[in-house]
Amino acid sequence: MFKKIILATAAAVTIAALAGCATGTAATGSSASAEQAVAAAAEKLRVAMIDPTPAALTALVADDLSYGHSGGRVDTKDSFIGDLIAGKSDFVTIAITDQTIKVVGNTAIVRHTLTADTNDSGKPGKVQIKILGVWQQQGGQWKLLARQAVRVAA
């Protein structure tokens with residue numbers, strides 16, 4: 001059942017990415033500069049997840065965010081930001097490795113491995129997950145539209 005949830009969420013993320021590409025809106029500048037802008041936004045999100053503020057997170061997350069967690073829970077923009085601000089989801093450190101970025105029109109697909117020390121609701125832990133993120137250029141800013149996390153097997 002869990003595999004079906006993950007596959008359905010991954011399919012939804014792909015459809016969202018393709019829908020964004022089908023709008024015909026081209027990213028401004030070269031592909032390399034668009035990739036750099038997406039990388040900068042992804043780095044800002046990494047920092048904001050460690051030291052969260054509503055303003056920083058709101059600037060980086062699309063209103064229609066769909067975030068599928070490795071445990072099957074799905075967050076919206078409000079629940080994602082709320083959990084970070086309240087410490088329910090508390091990242092002490094986050095390291096990003098193996099990141100790739102592909103920009104097509106006004107949509108970018110970002111994949112990476114996220115390794116983190118956490119303190120969720122005061123309980124220390126460690127996590128290593130593979131992330132598929134879909135970013136969309138909205139009003140000249142790159143915003144996280146969809147994110148799917150899959151736990152790395154131990």
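As a basis for the values below, the full set of heavy atoms in this structure was taken, side chains included, without hydrogen atoms, waters or symmetry mates.
Hydrophobic cluster membership differs between Val127 and Val47, with clusters built from Ile, Leu, Val, Met, Phe, Trp and Tyr side chains linked at under 4.5 angstrom. Hydrophobic clustering of Ile, Leu, Val, Met, Phe, Trp and Tyr side chains at less than 4.5 Å, counting indirect connections, keeps Val92 apart from Leu57.
For the pair Ile96 and Thr113, the minimum side-chain heavy-atom distance is 4.5 Å or more. Considering only heavy atoms from C-beta on, Val61 stays 4.5 Å or farther from Arg147 through its side chain. Under the 4.5 Å side-chain criterion, counting only non-hydrogen atoms from C-beta, Thr100 is not in contact with His112. Counting only heavy atoms from C-beta outward, the side chains of Thr58 and Ile81 approach each other to under 4.5 Å.
The minimum heavy-atom distance linking Ile101 with Val110 is given by the pair CG1-CG2, 4.0 Å. Nearest heavy atoms, Trp142 versus Gly105: CH2-O, 4.3 Å. Between Arg151 and Ser70, the shortest heavy-atom contact is NH2-OG, 3.2 Å.
Residues forming a side-chain hydrogen bond (donor to acceptor under 3.5 Å, both in side chains) with Glu43 (at least two apart in sequence, or on another chain): Arg46. Here Thr76 pairs with Ser79 under the side-chain hydrogen bond (donor to acceptor under 3.5 Å, both in side chains) rule; sequence neighbours left out.
In terms of modelled atom types and a separation under 3.5 Å, the side chain of Thr118 and the main chain of Gly125 share a donor-acceptor contact. Under a 3.5 Å cut-off, the side chain of Gln148 and the backbone N or O of Gly68 do form a donor-acceptor pair.
The pair Asp90-Lys88 does not count as a salt bridge, with every side-chain nitrogen at least 4.0 angstrom from each carboxylate oxygen.
With Lys77 as reference, Asp63 is the one residue of Leu145, Asp63, Asp64 to meet the side chain to side chain contact (heavy atoms under 4.5 Å, CB included) rule.
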